[in-house]
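Letters go in sequence order (proteins before strands), and every chain restarts at 1. Just so it is clear, the structure is predicted and the values come from calculations on it, not from any experiment.
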Amino acid sequence: MINVLNINHAFGDNQALTDISFDVQAGEIFGLIGPDGAGKTTLFRILATLLLPGSGSATLNGLDVVRDYKTLRTRIGYMPGRFSLYQDLTVDENLQFFASVFGVTVEENRHLINDIYVQLEPFKNRRAGALSGGMKQKLALCCALIHKPQILMLDEPGTGVDPVSRREFWDMLRRLRDGGLTILVSTPYMDEAAWCNRVALVQQGHIMAIDTPEALTAAFPKKLFAVRAVDKYRLINDLRSMETGANAYAFGEFAHFASPSAKIQVADVELFLQKKGHNGVEVKEAEPTVEDCFIDLMTDDSQQSTVDSPPGEITLK
Amino acid sequence: MRTVFFLVQKEFLQIIRNRTMLPVMLVMPVVQTLLLSFAANYEIKNLALCVVDHDLSPMSRQLVGKFTGSGYFKLSESTFSRSEADVSLARERSDMILEIPPDFERNFMREGKTGISLTANAINASKAGLGMGYAGNIVRDFSSTISTTSGAAPGARINMTYSNWYNPKLDYKAFMVPGILGEIVALIICFLTALNLVREREMGTMEQLNVTPVKKWQFILGKLLPFWALAMVMMAVGLTVGWLVFRIPMVGSLWLVFAYTLFFAPAMLGIGFLISNFSETQQQAMFTAWFFLLIFILMCGLFTPVDSMPQWAQWLNMLNPVQYFVAFMRQVLLKGATFADVQQNFYSVLTYATVVNGLAVWTYRKRN
């Protein structure tokens with residue numbers, strides 16, 4: 001459904017995208033996962049026919065993003081990362097307006113958005129600018145769907161939305177996918193990867209890996225422990241020095257410790273930490289998540305180390 | 001065309017929703033015409049006059065009386081020392097010094113010739129200039145009456161007669177209000193168009209619109225039509241105020257005025273549109289618009305006559321759309337010019353609008 005081949009794009013000297021290639025199958029949710037500044041939005045703008053790629057090509061449902069952009073615009077639904085509807089128009093006015101510029105009426109396509117619209121209906125005469133974050137997202141989704149697109153593109157839909165609304169929103173996306181829609185979504189939240197059929201991990205304009213979330217975590221090449229101690233900062237530094245190639249980073253209330261050697265056991269880590277004089281040590285084996293995979297790939301990639309990343313967010317230091 | 005209709009409809013919805021836009025558009029013409037024509041005018045009254053009368057003759061007193069009785073001058077000080085008068089001028093207690101020499105009356109009677117000295121504080125050059133002009137008239141007037149009534153030395157005198165065409169009473173308001181109307185309409189629609197377009201970019205709605213099949217010309221027309229209509233409404237409001245409050249003459253055809261506005265408005269809309277293409281934020285657009293509009297307004301002939309500008313400035317002024325409007329309004333409203341008289345102006349504005357909008361459409365990009 002979506003074929004991206006060797007896309008490169010630079011803003012001046014800043015190489016935003018390097019050799020991006022991937023395919024999205026019809027009827028799947030494909031996630032582009034990566035931190036802010038990874039190039040996700042640039043890629044989205046190219047695929048939404050808003051930005052001409054520096055080089056490379058992309059087709060959506062057989063339509064080229066450069067050559068066939070006019071036809072393509074009627075086939076895709078694009079929801080930018082920032083809320084981009086008219087804040088001074090009401091919910092219904094926005095919906096009517098976007099339907100009319102696509103040459104359709106809300107009535108004829110009501111069935112496409114009915115699930116979502118019922119939640120918006122109580123606020124239908126409220127101005128879009130006065131809606132909550134979650135409601136804004138739902139309205140934007142309705143407006144992106146009203147012309148019956150074949151492909152839905154959502155740039156960071158989870159940003160600025162509370163966890164409950166975020167979950168609801170993903171439920172809607174899954175229902176839309178089950179209805180046959182192809183969905184391309186980008187997100188900086190690693191936990192959202194689990195909702196996608198397949199994900200591409202993006203970092204500094206490169207795709208580091210493409211696979212299903214399950215396959216990615218199954219292929220995690222290191223042994224992972226969740227470790228806790230009183231002095232977290234010293235704990236992370238000590239864990240890093242335990243062996244070469246080991247990595248440690250904050251992960252919620254624990255620190256995750258990824259060791260390259262398969263032989264190492266919980267007891268070894270405990271012993272090491274006790275020798276270092278840590279108090280309140282707790283060590284257990286942990287199942288790798290997409291975030292662990294991402295950090296592992298990222299450290300391999302750039303030899304940069306990560307400290308203090310709260311769950312679901314990557315912070316580079 | 002249906003799409004354009006929906007775009008225009010949306011635009012009007014937004015204009016009506018906007019809490020400041022409509023009031024500003026309707027109140028601004030009224031306030032500006034009232035303020036500019038009542039308060040900020042060129043008529044100078046009550047210039048403070050310091051008199052140094054060394055003669056103290058009946059004739060010198062008569063002259064001073066002429067000055068104070070004219071309404072343009074009021075006596076601020078009277079002294080016998082020139083240096084005191086200079087201090088008064090320096091301290092800004094007086095705007096002008098009238099010094100009458102000791103033998104003022106005697107010289108006039110004997111030789112038919114005498115002199116006085118006028119010194120003005122020219123920090124404000126236009127005030128000084130006008131004051132001098134008034135004073136000159138008073139003195140001329142005075143000398144002619146004196147020579148006829150006193151029967152002294154009948155010297156050669158020039159009798160001047162005045163006649164001001166199209167504005168017989170030199171009514172400042174009749175002269176200013178039509179010009180101000182043109183200036184305000186030009187200013188507001190140029191600003192609004194620029195800000196409105198940049199706002200779409202700033203709010204991200206432009207991006208959302210760009211992925212729709214809305215075509216470039218549809219989008220542009222959808223933006224220009226509402227403001228075009230508003231320009232006509234503002235013109236009507238302004239003319240009504242001008243007529244009700246100032247009783248400005250409307251010698252020419254009002255239809256012609258509206259027809260001209262219909263052609264002129266796109267020129268200003270196009271400038272606003274062009275500015276928006278090169279601005280990322282409303283603030284940038286605001287500054288750029290100010291830069292141009294300030295020059296346009298100062299050079300438009302509203303405050304200083306275009307004819308007295310140096311030749312290069314007059315050439316440059318051909319790029320100033322407001323100048324055409326102001327000239328047109330005065331010609332039609334005061335002088336009763338017909339289409340045949342102002343057609344050159346029509347064509348200039350039409351060309352201007354075409355070029356500016358062409359440039360704007362050309363530089364507008366739906367994608368980068």
(message) Students often mix this up, so state it plainly: with edges at 30° and 60°, are the rings of A/F11 and A/H9 parallel, tilted or perpendicular?
(response) perpendicular
(request) Mark yes or no for whether B/S279, through its side chain, and B/T281, through its backbone, hold a donor-acceptor pair below 3.5 Å. (result) no
(message) Within residues 5-15 of chain B, which residues come under 4.5 Å of chain A, heavy atom to heavy atom?
(response) B/F6, B/L7, B/K10, B/L13, B/Q14
(message) The criterion is salt bridge (charged side-chain N to carboxylate O under 4.0 Å, His left out); which residues satisfy it with B/E183, sequence neighbours excluded?
(response) none
(message) Less than 6.0 angstrom from the centroid, inside 45 degrees of the normal: does A/R45 satisfy that with respect to the ring of A/Y78?
(response) no
(request) May I ask you to say whether A/E28 pairs ionically with A/R198, meaning some side-chain N is under 4.0 Å from a carboxylate O? (result) yes
(request) Report the distance from atom CE of B/M286 to atom CG of B/L293, rounding to the nearest 0.5 Å. (result) 10.5 Å
(message) Give the interface residues of residues 85-123 of chain A toward chain B, defined by a heavy-atom separation under 4.5 Å.
(response) A/L85, A/Y86, A/Q87, A/D88, A/L89, A/T90, A/E93, A/F97, A/F98, A/S100, A/V101, A/F102
(request) Give, as side chain, backbone, both or neither, the part of B/E200 having an atom under 4.5 angstrom from any heavy atom of chain A. (result) side chain
(request) Just grab all the ring-ring contact (aromatic ring centres under 6.0 Å, His included) pairs involving residues 29-54 of chain A, residues at least two apart or on different chains. (result) A/F22-A/F30
(request) Name the option with the most non-hydrogen atom pairs under 4.5 Å to chain A; the candidates are B/M203, B/M206, B/E207. (result) B/E207
(message) I'd like to know if the side chain of B/S348 pairs up with that of B/N345 as donor and acceptor (distance under 3.5 Å, no hydrogens or angles considered).
(response) no
(message) Under the side-chain contact (heavy atoms from CB on, under 4.5 Å) test against B/P321, which residue among B/V349, B/V356, B/I271 passes?
(response) B/I271
(request) Measure centre to centre between the rings of B/F264 and B/F328, then say whether the value is under 6.0 Å. (result) no
